[in-house]
Amino acid sequence: GWCFLGNALSYVAVLIGLLLMKSTAVQKKPPQHFRTGVAEAFNFVRHTGPVGALMVLLGLISFTGLRYEILMPVYVKEMLHGGPTEFGLLMGASGIGAILGSLILAMFSNVRTLGDWAALAAAGFGGSLVLLSFSHTFALSLLVMLLIGFTMVTGLDASNTLVQRIVPDELRGRVMA
């Protein structure tokens with residue numbers, strides 16, 4: 001009862017803020033065919049070097065590394081001879097690393113260094129996964145999982161931020177899709 005009422009009242013400030021916002025009408029472009037829009041996005045990515053390189057990097061990371069979580073239960077059981085508790089701690093360490101990576105990137109006011117961060121984090125993510133594959137001790141695996149979470153999120157966030165900053169507004173949704 002009271003919790004729901006408190007939650008509902010918390011939206012009053014947001015609604016007031018939205019009502020106080022002034023917006024200007026944006027001129028709409030005539031609708032275009034679906035294929036034309038997709039082709040325009042692909043053409044932009046192909047002819048804009050940094051965006052194309054970042055998209056290839058994101059694709060490689062997604063295809064080769066991001067699904068490491070699927071193998072983690074088997075890794076914990078076979079390599080570390082652990083169970084659900086060890087699995088939970090390892091995944092928690094990855095989550096803590098991810099939060100730290102996001103917080104560090106959020107402190108950047110200059111996006112010029114994000115390209116370097118994206119490249120270093122991608123290399124660090126791959127290296128961390130290789131290091132994890134050689135680890136047979138829980139303590140080392142815990143530290144490596146912290147690094148995996150950090151490098152994974154730092155690389156993905158930096159790459160996505162760069163792509164969104166480079167791509168013009170009218171193409172951003174199609175390019176990101």
Side-chain angles (χ1 to χ4, degrees), residues 3 7 10-11 14 38 41-42 44-46 48-169 171-177:
C3 291
N7 187 27
S10 72
Y11 285 97
V14 174
V38 172
F42 272 107
F44 178 84
V45 169
R46 190 178 53 198
T48 308
V51 176
L54 286 167
M55 292 300 221
V56 168
L57 179 66
L58 286 169
L60 286 171
I61 291 171
S62 298
F63 184 71
T64 60
L66 285 186
R67 298 298 127 221
Y68 75 93
E69 302 106 344
I70 294 171
L71 298 174
M72 284 305 294
V74 176
Y75 172 79
V76 170
K77 183 179 178 187
E78 299 297 324
M79 299 287 282
L80 301 179
H81 307 292
T85 302
E86 290 80 10
F87 172 73
L89 289 170
L90 288 173
M91 295 310 290
S94 175
I96 291 169
I99 291 170
L100 291 174
S102 293
L103 290 175
I104 287 174
L105 276 183
M107 291 189 295
F108 285 177
S109 58
N110 185 0
V111 297
R112 293 175 194 233
T113 60
L114 285 181
D116 296 336
W117 273 89
L120 288 172
F125 179 60
S128 300
L129 288 174
V130 170
L131 184 59
L132 183 69
S133 72
F134 288 111
S135 173
H136 293 283
T137 63
F138 181 73
L140 178 60
S141 296
L142 201 61
L143 290 173
V144 173
M145 286 298 289
L146 189 75
L147 189 59
I148 285 173
F150 179 85
T151 55
M152 176 182 66
V153 167
T154 303
L156 294 177
D157 287 356
S159 298
N160 281 326
T161 301
L162 279 171
V163 170
Q164 290 185 32
R165 292 287 302 240
I166 295 170
V167 175
D169 292 343
L171 290 174
R172 189 169 296 129
R174 287 174 277 169
V175 169
M176 294 306 292

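Side chains included, hydrogens not; waters and symmetry mates left out as well; all remaining heavy atoms used.
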- Item | Between CE on residue M91 and CE on residue M145, distance to nearest 0.5 Å | 5.0 Å

Please report, to 0.1 Å, the donor-acceptor pairs under 3.5 Å made by any side chain of residues 147-154, with sequence neighbours excluded.
unit_1	atom_1	unit_2	atom_2	d
T151	OG1	L147	O	2.9
T151	OG1	I148	O	3.3
T154	OG1	F150	O	2.6

- Note on the structure: Across all chains, not counting sequence neighbours, the side-chain contact (heavy atoms from CB on, under 4.5 Å) partners of P73 are F87

- Message: Show, in sequence, the C-alpha distance, side-chain angles and deciding distance for S94 and Y68, and conclude whether the side-chain hydrogen bond (donor to acceptor under 3.5 Å, both in side chains) test is met.
- Response: CA-CA 11 Å; S94 175; Y68 75 93; 2.9 Å; yes

- Message: Can you list everything that forms a side-chain contact (heavy atoms from CB on, under 4.5 Å) with F138? Sequence neighbours excluded, please.
- Response: L80, E86, L89, L90, L142

Considering only distance and modelled atom types, tabulate donor-acceptor pairs under 3.5 Å from the side chains of residues 60-67, sequence neighbours left out.
unit_1	atom_1	unit_2	atom_2	d
S62	OG	L58	O	2.8
T64	OG1	L60	O	2.6

- Query: Between the side chain of N160 and the main-chain N/O of L156, is any donor-acceptor distance below 3.5 Å?
  - Reply: yes

- Taking only residues two or more places apart in sequence, or in another chain, which ones meet R174 in a side chain to side chain donor-acceptor pair (under 3.5 Å)? Q32, E40

- Query: Which residue pairs pass the side chain to side chain donor-acceptor pair (under 3.5 Å) test when at least one of the two sits in residues 49-59, sequence neighbours left out?
  - Reply: none

- Residue set satisfying side-chain contact (heavy atoms from CB on, under 4.5 Å) with D116, at least two apart, ordered chain then number -> none

- Query: With a 4.5 Å limit on heavy-atom distance, are the side chains of Q164 and V175 in contact?
  - Reply: no

- Any pair with a residue in residues 100-134 that passes ring pair (Phe, Tyr, Trp, His ring centres under 6.0 Å), sequence neighbours left out, goes on the list, sorted by first then second residue, please. F108-W117

- Message: Out of the candidates L114, L162, L105, only one should pair with D157 under the side-chain contact (heavy atoms from CB on, under 4.5 Å) rule; please name it.
- Response: L105

- Item | salt bridge (Lys or Arg N to Asp or Glu O under 4.0 Å) involving R172 - partner list, sequence neighbours excluded | D169

- Task: Could you name each residue pair satisfying side chain to side chain donor-acceptor pair (under 3.5 Å) that touches residues 131-148, not counting sequence neighbours?
- Result: Y75-S141, S135-S141

- For I166, the side-chain contact (heavy atoms from CB on, under 4.5 Å) test, sequence neighbours excluded, returns T48, P50, V51

- Task: Scan for salt bridge (Lys or Arg N to Asp or Glu O under 4.0 Å) pairs involving residues 136-149, sequence neighbours excluded, and state none if there are none.
- Result: none

